[in-house]
Asker: 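Below is a structure I'd like to ask you about.
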There are 2 protein chains.
Amino acid sequence: MSTNRRETKQRVAVSAALDQVNEFVSAQQLHSILRDTSDGVGLATVYRTLQQLAEDGEVDVVKTADNESMYRRCSRGHHHHLLCRSCRRTVEVESPSIEKWAQKVASANGFAEVDHVVEITGICADCQAR
Amino acid sequence: MSTNRRETKQRVAVSAALDQVNEFVSAQQLHSILRDTSDGVGLATVYRTLQQLAEDGEVDVVKTADNESMYRRCSRGHHHHLLCRSCRRTVEVESPSIEKWAQKVASANGFAEVDHVVEITGICADCQAR
DNA sequence: TCATACATGGGACTCATTCTCAAATATTGG
DNA sequence: CCAATATTTGAGAATGAGTCCCATGTATGA
Ligand SMILES: [Zn+2]
Ligand SMILES: [Zn+2]
Ligand SMILES: [Zn+2]
Ligand SMILES: [Zn+2]
């Protein structure tokens, strides 16, 4: 809700850690990454910070098949993801036609406050080559 | 993987209960619905049965925002859903162009074994009028 | 009817995520 | 710089969906 966030070393640490990975990572992974380096950050704080970053549109969130939230610093603006189920390599994809389609289907059926989830998964070329 | 399922009264009960609702329901909801009628069905069995029905393509599964799996008996064949976040009213939608788009984006990036998740949510006309 | 492979369910267990709240700390007005 | 104050932190407890274990029950086919 609020946009007034204090700059604590924990928040900086989480943000910095996110910058070091290019794929989606879970709160737990980030927590153990931070455990090793310098002063660790509490798990609760990692969760809170990631949620806030997501609220602020700083990171994107996707859910794995086994219900784990994964976070990634993405480019700003609405987009979707094509991601490798094996190595989590991520490709951001944009498609105005998909957005229009979703909106059209919804309003054609009388729905308002439309939202949508569109994610494509697969096995990337590298992972296919094993 | 197997398709050899025995016809037990529990399985019949779960399947019948599913037929009585037209929206997506969770395993827990189905369990408490069944608790009231006749002989209840164990929670573990409800989960198992729903999973099997999903495997067999008898029901569709969607995840709520708070990571709960919801099941619904849908028409056969691949399709997606437009669903009301308030009352869970569901509209099945088909769109060959979306399917082609997903496949094209994936192969253009060297991905194989492509899968995708496409769900549209909103507030239905009735819930807006509420 | 019998043998037996498969199904059931109560309860313990997992595990991501949230909650609690006292102690730590960033911010700010003076 | 300093004290007052509003936030933030984090260790551990709590939550809750879903899974597992396994002794008991049963659908099914010979
Ligand atoms: Zn890969
Ligand atoms: Zn979109
Ligand atoms: Zn509705
Ligand atoms: Zn599709």
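Letters go in sequence order (proteins before strands), and every chain restarts at 1.
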Asker: In the hydrophobic cluster built from side-chain contacts under 4.5 Å, what are the other members alongside B:Val117?
Answerer: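 Listed partners: A:Val117.
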Asker: When the distance from CG of A:Asn4 to P of D:dA6 is rounded to whole Å, what number comes out?
Answerer: 14 Å
Asker: Under a 3.5 Å threshold, yes or no: a donor from one side chain and an acceptor from the other, between A:Arg85 and A:Thr64?
Answerer: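 Absent: no donor and acceptor within the cut-off.
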Asker: Which nucleotides of nucleotides 17-30 of chain D have their base under 4.0 Å from a protein heavy atom (B), which only their sugar-phosphate (S), and which neither (-), written as one string 5' to 3'?
Answerer: SBBB-----BBS--
Asker: Members other than B:Tyr47 in its cluster, when Ile, Leu, Val, Met, Phe, Trp, Tyr link by side-chain heavy atoms under 4.5 Å?
Answerer: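 Members other than B:Tyr47 - counting any ILVMFWY side chain reachable under 4.5 Å - are B:Leu43.
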Asker: Other members of the hydrophobic cluster containing B:Ile123, with the 4.5 Å side-chain heavy-atom rule, please.
Answerer: none
Asker: Say whether B:Thr49 and B:Gln10, considering side chains only, have a donor N or O and an acceptor N or O under 3.5 Å apart.
Answerer: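 No donor-acceptor contact under 3.5 Å links the two side chains.
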Asker: Does the side chain of A:Thr45 come under 3.5 Å of the side chain of A:Arg48 through a donor N or O and an acceptor N or O?
Answerer: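 Judged by distance alone, the side chains do pair up.
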Asker: Quick one: which residue pairs count as a ring-ring contact (aromatic ring centres under 6.0 Å, His included) with a foot in residues 93-115 of chain B, not counting sequence neighbours?
Answerer: none
Asker: Under 6.0 Å between ring centres: does that hold for A:His116 and A:His80?
Answerer: yes
Asker: Could you work out how much the helix from C:dT1-D:dA30 to C:dG30-D:dC1 bends, comparing the axis of its first five pairs with that of its last five, to 10°?
Answerer: 30°
Asker: Could you tell me how far apart B:Gln29 (CD) and D:dG16 (P) are, to the nearest whole angstrom?
Answerer: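 So the two atoms are 15 Å apart, to the nearest Å.
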